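Just below is one structure, and these are the notes that go with it.
Everything numeric here is computed off the predicted structure, so don't read it as measured data.
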Amino acid sequence: MQTVEMNRLLEVARGAFQYCISLEENRSQTRDELGFPPEAIIVENDFIKIQFNGPDDERLIEARLKLNSPDGKNVGYYAYQEDESGEFVDEFFVLY
């Protein structure tokens, strides 16, 4: 996977995370669990993982973002997954 493609995937993941926390249900739950508004979350690139599945070696590509509080404490992660053709597969928004 080339650097340009990795950067694209991380940017897509960041945009998907911003959309995720813009949904009122997620905003309220995040605010309740963390005690601060979701806009205050500091997002850092964590890693990109390529997983091969099945007999045809279909690829699942995951970009994972670290989520930190304003004081730098790790409070969770957001993972964005797509298939090898760049189509969205799944997402995970996890708070610790």
### Message
Apply side-chain contact (heavy atoms from CB on, under 4.5 Å) to residues Leu9 and Tyr80 and explain how you reach the verdict.
### Response
CA-CA 9 Å; Leu9 183 58; Tyr80 178 88; 4.0 Å; yes
### Task
Return yes if a side-chain donor-acceptor contact under 3.5 Å exists between Glu24 and Asn26, otherwise no.
no
### Task
Would you tell me whether Gln29 and Glu33 have side-chain atoms, one donor and one acceptor, within less than 3.5 Å of each other?
yes
### Message
Does any part of the side chain of Lys49, heavy atoms only, come nearer than 4.5 Å to the side chain of Gln51, both counted from C-beta?
### Response
yes
### Message
Working to the nearest 0.5 angstrom, can you tell me the gap between Leu95 CG and Leu67 CG?
### Response
7.0 Å
### Query
Between CG of Asn7 and CD of Gln2, what distance do you get to the nearest 0.5 Å?
11.0 Å
### SG on Cys20 to CZ on Arg27, rounded to 0.5 Å
11.5 Å
### Message
Are Tyr77 and Phe92 an aromatic pair, judged by ring center distance below 6.0 Å?
### Response
no
### Cationic N near anionic O, under 4.0 Å, Asp46 to Lys66
no
### Query
Near Phe88 CZ, under 6.0 Å, is it more than 12 heavy atoms from other residues, nucleotides or ligands?
yes
### Query
Would you say Glu44 has more than 12 foreign heavy atoms packed within less than 6.0 Å of its CD?
yes
#### Entry: Nearest atoms (heavy-atom pairs only) where Arg59 meets Phe52
CG-CE2, 3.4 Å
### Query
Are the ring centres of Phe93 and Phe17 closer than 6.0 Å?
yes
### Tyr78 versus Glu91, side-chain donor and acceptor atoms under 3.5 Å
yes
### Considering all heavy atoms, the nearest Glu84-Glu58 contact
OE2-CA, 3.6 Å
### Summary
In terms of heavy-atom contacts, Phe36 and Ala40 come closest through CD1-CB, 3.8 Å
### Query
How far apart are the closest heavy atoms of Ala13 and Ala63, and which atoms are they?
CB-CB, 4.0 Å
### Message
Using the rule side chain to side chain contact (heavy atoms under 4.5 Å, CB included), only one of Leu65, Thr30, Asn68 pairs with Ile41; which is it?
### Response
Thr30
### Query
So do the side chains of Glu62 and Ile48 get within less than 4.5 Å of each other, counting heavy atoms only?
no
### Query
Is it true that Met6 and Ile50 fall in one hydrophobic cluster, defined by side-chain heavy atoms closer than 4.5 Å?
yes
### Over all atoms of both residues, closest heavy-atom pair of Ile42 and Ser69
CD1-O, 3.6 Å
### Query
Between the side chains of Asn45 and Arg14, is a donor N or O closer than 3.5 angstrom to an acceptor N or O?
yes
### Query
Under 4.0 Å between a Lys/Arg side-chain N and an Asp/Glu carboxylate O for Glu11 and Arg8?
no
### Query
Between Asp83 and Ile61, does a side-chain contact (heavy atoms from CB on, under 4.5 Å) hold up when you go through it step by step?
CA-CA 6 Å; Asp83 64 18; Ile61 305 163; over 6 Å; no
